[in-house]
S.K.: 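Sharing a structure here in structure tokens format.
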2 protein chains.
Amino acid sequence: MNTLAYILLGMLAREPLSGYDLVTLLKKHFGPFWAISHTQIYPALAQLVEAGFTTYQIIEQQAKRPDKKIYQITEAGQVALRAWVESSTSPAIIRDEFLLKAYSLWVADPKHMQAIFREQIALHQERLSMHEQELDAKRTKYLAMSQGNSESLAMAELIFKYTIGYEQNYISWCNDVLHYLEQHEEAHRGEEE
Amino acid sequence: MNTLAYILLGMLAREPLSGYDLVTLLKKHFGPFWAISHTQIYPALAQLVEAGFTTYQIIEQQAKRPDKKIYQITEAGQVALRAWVESSTSPAIIRDEFLLKAYSLWVADPKHMQAIFREQIALHQERLSMHEQELDAKRTKYLAMSQGNSESLAMAELIFKYTIGYEQNYISWCNDVLHYLEQHEEAHRGEEE
DNA sequence: TAGCACATGTAACTTGTTACATGATTAG
DNA sequence: CTAATCATGTAACAAGTTACATGTGCTA
């Protein structure tokens, strides 16, 4: 079982879903965290069934679509998921190409790099707003249910909180570099004049 | 040319190095950013030579070691590196297994998860101190050179600044979750008594 | 009429990891 | 005597991406 398998188990522990549903939900809510494509998911689900961690029901489709398979987690699957969640994790490797470009920033044109950093800020700003909106939507949804179930709200907020901080740090770092590049350019211009 | 190839080019743009040197430096300075192993580097270097982006000199070794190859970047390599640095980058996918575990945290034992989050804080704290120390070492090194070359210092500081913010955000998020878990537990205990 | 939503899958390819392979010198 | 440092490489495997494959119904 690899990480993808446990992501799927984690989602199926909340509600039974088809492969298509899983991909759709993952793209919507987990896009920035863990990209997956439908080509990965079907073999992974087959593997989960083989391991006895999920079962599925076939739902016949009208129109000429492939039959839908709704997967649900088994007890063995819940045990496995819990063991994974409770196991320790070594810090992830960041693997962000943009940071590596920053490392070699000195070989490039400062003016051009200003544009590149502004673009990067815009992209992360977009992601930040997206997360803030999703968090907001979740809050109003829970309030509308008006059952005072603050626990599940706190749970749902968990990951969003992380990414919001992550994006804020990213943007503020880009701004730092941008200011440096701008000041540096002015210093040069000052020398030339 | 993939990202790894450009990382190597970026390092060779600063100074000529052997494959072994590259791995050693990468592990030391880029470990948390982009893990690489020596088994990847040798094919990648061969590819760079084939593309005309690097050349190498063979240095014969005493003792029965394989001959050392010192790679240096070519002009074509510098052009390629610069084009890569100046190209735009879409935001990276975070791919942090621990965040996904947090998503399924509700299936696990709260007490146990407190320990897991404390462990994660310790691990990131370690990484943070490591980066702070490296940054400090770099600063004193540049001051010792006493040539007032504040520009290259600022450059060297760039990536460290990012990671320090990254780790601080990580730790503060873990602490938030930890406090939530502790309060939650107290609430339960309160109910029981 | 072009594209998207639905719904599943296989095959080829790229990237990264782990295991295997060699072999002297030096520090604990 | 065990492990680490130096120094290069190949081969097998795991994970992820891209391209190929099918086919209807609805919306712009």
S.K.: Relative to the 5' end of DNA chain D, which residue comes earlier, B:Y71 or A:Q47, by the nucleotide with the nearest heavy atom?
M.R.: B:Y71
S.K.: Please check if any side-chain donor atom of B:H179 sits under 3.5 Å from a side-chain acceptor atom of B:Q183, or the reverse.
M.R.: no
S.K.: Quick one: A:I70 CD1 to C:dC6 P, roughly how many Å, whole number?
M.R.: 13 Å
S.K.: In whole Å, I'd like the distance from the OH atom of A:Y42 to the P atom of D:dT22.
M.R.: 17 Å
S.K.: Under 3.5 Å, which protein N or O atoms sit close to an N or O of nucleotides 26-28 of chain C? Give each pair with its distance.
M.R.:
none

S.K.: Is A:L99 reachable from A:I93 through a run of hydrophobic residues whose side-chain heavy atoms are each under 4.5 Å from the next?
M.R.: no
S.K.: Classify the side-chain pair A:K27/A:S37 by whether it contains a donor and acceptor separated by less than 3.5 Å.
M.R.: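 There is no such pair between these side chains.
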S.K.: Report the distance from atom CD1 of B:I41 to atom P of D:dA7, rounded to the nearest whole Å.
M.R.: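 Result: 14 Å.
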S.K.: Take the protein atom NZ of B:K27 and the nucleotide atom P of D:dT5, then report the distance between them rounded to whole Å.
M.R.: 11 Å
S.K.: Please round to 10 degrees the angle between the axis of the first five pairs and the axis of the last five pairs in the helix from C:dT1-D:dA28 to C:dG28-D:dC1.
M.R.: 40°
S.K.: Please find out if less than 6.0 Å separates the ring center of A:Y103 from that of B:F33.
M.R.: no
S.K.: With a 4.5 Å heavy-atom cut-off, do A:L181 and A:L105 have their side chains touching?
M.R.: yes
S.K.: Could you go through the side chain to side chain contact (heavy atoms under 4.5 Å, CB included) check for B:L12 and B:L81 one step at a time?
M.R.: CA-CA 10 Å; B:L12 295 176; B:L81 174 62; over 6 Å; no
S.K.: Looking at the rings of B:F117 and B:F98, which for Trp means the six-membered one, are their centres under 6.0 Å apart?
M.R.: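 Yes.
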S.K.: For B:Q57 and D:dA7, give me the distance from atom CD to atom C1', rounded to whole Å.
M.R.: 17 Å
S.K.: Send over the distance from B:I7 CD1 to C:dT15 C1', rounded to a whole Å.
M.R.: 12 Å
S.K.: Tabulated below should be each protein N or O lying under 3.5 Å from an N or O of nucleotides 16-19 of chain C; please produce it.
M.R.:
unit_1, atom_1, unit_2, atom_2, d
C:dG16, OP2, B:Q40, NE2, 2.9
C:dG16, O5', B:Q40, NE2, 3.4
C:dT17, OP1, A:R95, NH2, 3.3
C:dT18, O4, B:T39, OG1, 2.9

S.K.: When the distance from CZ of A:F30 to P of D:dG16 is rounded to whole Å, what number comes out?
M.R.: 15 Å
S.K.: Search all heavy atoms of B:T74 against all heavy atoms of B:G52 and return the closest pair with its distance.
M.R.: OG1-O, 2.7 Å
S.K.: So that I know where these two stand, are A:Y162 and B:Y170 an aromatic pair - ring centroids less than 6.0 Å apart?
M.R.: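 Centroid separation for A:Y162 and B:Y170: below 6.0 Å.
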S.K.: Which sits closer to the 5' end of DNA chain D, A:M1 or B:D21, going by the nucleotide each is nearest to?
M.R.: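 Mapping each residue to its closest nucleotide by heavy atoms, the 5'-most match is B:D21.
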S.K.: Are B:S18 and B:D21 close enough that a side-chain donor and a side-chain acceptor fall under 3.5 Å?
M.R.: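 There is such a pair (donor and acceptor under 3.5 Å, judged by atom type) between the side chains of B:S18 and B:D21.
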S.K.: Could you check how far CG of B:D67 sits from P of D:dC6, rounded to whole Å?
M.R.: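 That distance rounds to 17 Å.
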S.K.: Do the side chains of A:Y6 and B:E97 get nearer than 4.5 Å, heavy atoms only?
M.R.: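 B:E97 does not reach A:Y6 side chain to side chain.
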S.K.: Side chain of B:K69: nearest nucleotide among C:dA7, D:dA7, D:dG9?
M.R.: D:dG9
S.K.: Looking at A:Y20, does any N or O in its side chain come under 4.0 Å of the phosphate oxygens OP1/OP2 on C:dC6?
M.R.: yes
S.K.: Can you find a side-chain donor-acceptor pair between A:E134 and A:H29 that sits under 3.5 Å?
M.R.: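 Result is yes, a qualifying pair exists.
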